[in-house]
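Here is the structure we will look at.
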Amino acid sequence: MTSETVIIGGGVIGLAIAIELKLRGASVTVLCRDFQAAATHAAAGMLAPDAENIPNGAMRSLCWRSRALYPDWTRKLEELTGLNTGYRPCGILAPVFEEAGGQGGREQGAGGDEGVMEATSPSSSSSPAYWLTKEAIHQYQPGLGAEVIGGWWYPEDAQVDNKALAQVLWTAAESVGVELKDGITVEGFLQQQGQVVGVQTNAGIIRAAHYVLASGAWSNELLPVPVRPRKGQMLSVRIPEIAPELPLKRVLFGQDIYIVPRCDRLIIGATSEDVGFTPNNTPEGIQKLLQAAIRLYPQLKHYPIQEFWWGFRPATPDELPILGTSHCQNLTLATGHYRNGILLAPVTAALIADFILEQKSDPLLADFHYSRFQSKLSTSTPMLTHSANFSNGNRPAISPQQPPLPIQDPPLIIAGKTFQSRLMTGTGKYRSIEEMQQSVTASDCQIVTVAVRRVQTKAPGHEGLAEALDWTKIWMLPNTAGCQTAEEAIRVARLGREMAKLLGQEDNNFVKLEVIPDLKYLLPDPIGTLQAAEQLVKEGFAVLPYINADPMLAKRLEEVGCATVMPLASPIGSGQGLKTTANIQIIIENAGVPVVVDAGIGSPSEAAQAMELGADALLINSAIALSPNPPAMARAMNLATVGGRLAYLAGRMPIKDYASPSSPLTGTITS
């Protein structure tokens with residue numbers, strides 16, 4: 001058979017694209033392996049970019065745009081089918097427990113005694129959020145756990161009944177004339193000269209002019225895109241027929257738990273498990289969900305359990321979708337939506353339809369192109385690219401795109417935020433702002449640390465720093481350099497959080513904690529560092545403390561809730577290299593948080609050595625800034641960091657006391 005467009009995948013993304021294409025006049029066929037197995041059925045239906053604190057930038061813009069489309073999109077689907085999608089612009093409530101730092105790391109508005117305070121102003125580029133005090137939140141939603149001390153109200157978030165939506169989409173697709181083929185397993189793409197010429201299926205070869213890969217967690221089985229399944233377990237409890245005294249009226253989005261009320265039941269989810277396609281619910285997973293849900297909303301412990309289920313979210317290394325062109329001109333990618341597939345269905349359908357039918361590529365698509373994973377360490381094989389260049393005789397020219405790495409390396413995760421680069425850099429000591437900009441770019445880093453005090457005082461080299469770097473692509477790590485006491489460091493950390501907000505990183509609660517009273521050797525104060533860390537953790541900061549290579553202090557800082565530990569290799573700016581190797585090894589062996597080696601590294605060989613020890617990341621400033629050629633040194637440090645990490649993952653050969661020939665002695669030619 002031949003169709004104008006074939007879509008591989010019958011979940012919410014595939015069906016939404018199919019309907020949009022068909023309504024614009026295209027001929028569309030959807031190939032679905034098992035409609036009931038789609039992640040759509042296993043979701044909760046929250047439309048929650050604000051409650052989920054999706055980071056600023058392209059992803060937040062994409063999510064907000066899609067949420068804004070939902071009222072008209074669902075109304076159109078309901079008119080086509082006469083069925084209800086269960087869309088409700090209900091807002092979402094995010095209660096906070098005391099140990100979460102009061103307001104969960106976000107600043108409240110002016111005034112401290114009001115029950116409700118606006119934290120952000122509604123505008124074209126933001127959504128409002130309101131902080132509710134303990135009294136206000138318990139009045140607004142009776143029945144919350146006694147440990148809830150306040151919470152955030154996100155009025156523009158919403159929900160949809162995911163199972164109803166799945167059925168509505170399928171019915172709508174049928175009604176507008178999309179050809180739906182369930183039970184069809186696509187086994188591979190037939191490719192010739194950079195084009196897809198057909199798909200091999202269990203029912204034979206199916207051909208089309210254009211193809212869309214929208215098969216979610218199974219996409220990696222057809223193409224080497226970095227999408228892997230992330231299992232989520234869920235359950236529902238039935239609301240008793242005798243109406244409870246304190247009914248749950250709105251979605252609760254708690255720490256590692258959410259509760260979604262429907263007319264006769266409560267949906268409770270969800271675990272996040274990197275276990276491949278391992279099926280079934282587990283006692284551990286369900287127990288974890290129930291304990292967290294009962295703590296948040298205690299009376300549900302009396303409700304009868306209705307159903308358990310699980311599903312597989314399509315996760316990418318940076319947890320963002322893959323949208324747009326592929327290595328084949330007539331193959332478009334729409335996969336990897338992770339936990340936001342239902343939210344992003346309307347905007348994905350519109351963007352992909354614009355691209356296929358009108359060759360109109362929205363600027364946002366560039367941020368979700370598969371090429372962002374090339375030359376990065378990722379949990380999956382990156383998309384292969386065509387690089388046949390025979391300008392060098394009969395040998396292919398050297399290409400910057402490296403072949404797939406035969407090793408798996410999960411991304412660096414700090415305080416729940418994912419980074420691909422394991423090299424952090426700074427902004428100080430450069431001879432010019434231009435050298436700093438070039439070096440940051442050459443380092444390929446994603447985290448740049450900035451001295452809050454130097455920016456405040458416009459110290460030499462820090463004028464115009466806010467405009468010098470693209471803060472939509474670089475995560476600012478404010479540091480408390482120059483603070484000699486815990487009290488000073490706490491105060492400067494708060495200023496740093498505000499500085500990050502001014503640069504558009506509203507959810508940035510990171511701080512590199514430095515408490516250094518010793519002005520000669522610049523060695524950190526362990527007692528002051530611990531005192532400041534305890535307070536800042538209580539205030540919701542993700543604390544990255546700079547410390548001596550002291551294993552006991554590192555463990556204590558981890559226990560109080562620090563996001564990393566950052567032991568020095570040798571004194572700041574000394575370039576002495578690794579002088580604390582033994583202690584750093586002990587810290588790495590015992591740490592449950594990332595270990596970032598900071599200070600004293602002077603050369604790429606020392607950077608590689610630190611990574612070979614098993615460090616999770618490096619922070620390097622002076623060795624780059626004080627080099628005669630900082631951008632070149634920044635690139636060298638990047639390569640050394642990657643090389644050291646790969647060497648650590650690969651494992652070195654055993655050291656022997658005697659020689660061992662590289663070539664075997666057996667089978668040699670003898671005279």
Side-chain angles (χ1 to χ4, degrees), residues 48-57 59-60 94-109 117 119-120 126-127 129-131 149-152 154 253-256 318-319 412-419 424 446-453 455-456 466 471-481 483 486 488-515 529-546 557-558 560-566 593-594 596 617 619:
D50 294 337
E52 292 204 28
N53 256 328
I54 289 175
N56 231 340
M59 183 60 173
R60 182 179 287 187
V96 172
F97 295 118
E98 187 167 9
E99 70 269 18
Q103 294 181 37
R106 294 185 65 169
E107 294 288 340
Q108 69 183 48
M117 287 160 282
T120 60
S126 67
S127 294
Y130 301 89
W131 172 254
I149 62 161
W152 289 95
Y154 300 104
F253 192 96
Q255 185 177 353
D256 302 321
D318 58 9
E319 299 182 355
L412 174 65
I413 299 176
I414 300 176
K417 188 167 181 64
T418 302
F419 303 95
M424 308 175 191
Q446 292 174 287
I447 299 176
V448 171
T449 187
V450 175
V452 177
R453 281 189 159 176
V455 173
Q456 279 187 306
W471 298 109
T472 64
K473 297 178 180 177
I474 295 172
W475 192 247
M476 176 183 279
L477 177 57
N479 70 55
T480 62
C483 295
E488 277 185 285
I490 292 166
R491 187 166 62 250
V492 170
R494 292 168 181 156
L495 293 173
R497 182 159 62 184
E498 294 307 310
M499 185 170 75
K501 286 183 180 179
L502 291 174
L503 297 179
Q505 298 184 2
E506 300 240 347
D507 57 339
N508 189 339
N509 62 341
F510 280 42
V511 62
K512 183 191 174 193
L513 176 60
E514 298 182 20
V515 181
T529 301
L530 182 58
Q531 290 172 341
E534 288 177 315
Q535 179 59 33
L536 290 172
V537 168
K538 288 178 182 177
E539 294 183 18
F541 282 89
V543 181
L544 289 72
Y546 169 62
L557 287 163
E558 180 182 336
V560 303
C562 287
T564 69
V565 289
M566 303 181 72
V593 294
V596 183
L619 199 161

Output yes when a side-chain donor or acceptor of T480 lies under 3.5 Å from a complementary backbone atom of L513, and no otherwise. no
Does V96 form a side chain to side chain contact (heavy atoms under 4.5 Å, CB included) with W131? I'd like the steps, not just the answer. CA-CA 10 Å; V96 172; W131 172 254; 4.1 Å; yes
Test I490 against E539 for side chain to side chain contact (heavy atoms under 4.5 Å, CB included), laying out the working first. CA-CA 10 Å; I490 292 166; E539 294 183 18; 4.2 Å; yes
For E558 and V565, indicate whether the former's side chain and the latter's backbone hold a donor-acceptor pair under 3.5 Å. no
Is there side-chain contact between I414 and M424, with heavy atoms separated by less than 4.5 Å? yes
If I take atom CE from residue M476 and atom CD1 from residue I447, how far apart are they, to the nearest 0.5 angstrom? 12.5 Å
For the residue pair A94 and Y154, what are the closest heavy atoms and their distance? CB-CE1, 3.8 Å
Counting distance only, does the side-chain N/O of Q446 pair as donor-acceptor with the main-chain N or O of T418 below 3.5 Å? no
F419 CZ to I413 CD1 distance, which is reported to the nearest 0.5 Å: 10.0 Å
State the CG-CG distance between N508 and L503, to the nearest 0.5 angstrom. 9.5 Å
Measuring only between side-chain heavy atoms, which start at C-beta, is D507 closer than 4.5 Å to R60? yes
What pair of heavy atoms forms the shortest contact from V452 to G496, and how long is it? CG2-CA, 3.6 Å
Okay, side chain of N509, backbone of G540: is any donor-acceptor separation there less than 3.5 Å? yes
Could you tell me whether a side-chain N or O of T564 sits under 3.5 Å from a main-chain N or O of L544, the two making a donor and an acceptor? no
Hey, could you give me the CD/CZ distance between Q505 and F510, rounded to the nearest 0.5 Å? 10.0 Å
Between F541 and A493 the two heavy atoms that sit nearest each other are CE2-O, 3.5 Å
Where V537 and V560 come nearest, the two heavy atoms and their spacing: CG1-O, 3.3 Å
When every non-hydrogen atom of V593 is compared with those of A563, the smallest separation belongs to CB-O, 3.5 Å
For a quick test of reading the model, state the closest non-hydrogen atom pair linking A617 to L412 and the distance between them. CB-CD2, 4.0 Å
Report the distance from atom CE of M566 to atom CG of N479, rounding to the nearest 0.5 Å. 9.0 Å
From Q535 CD over to L530 CG, what is the distance, rounded to the nearest 0.5 angstrom? 12.0 Å
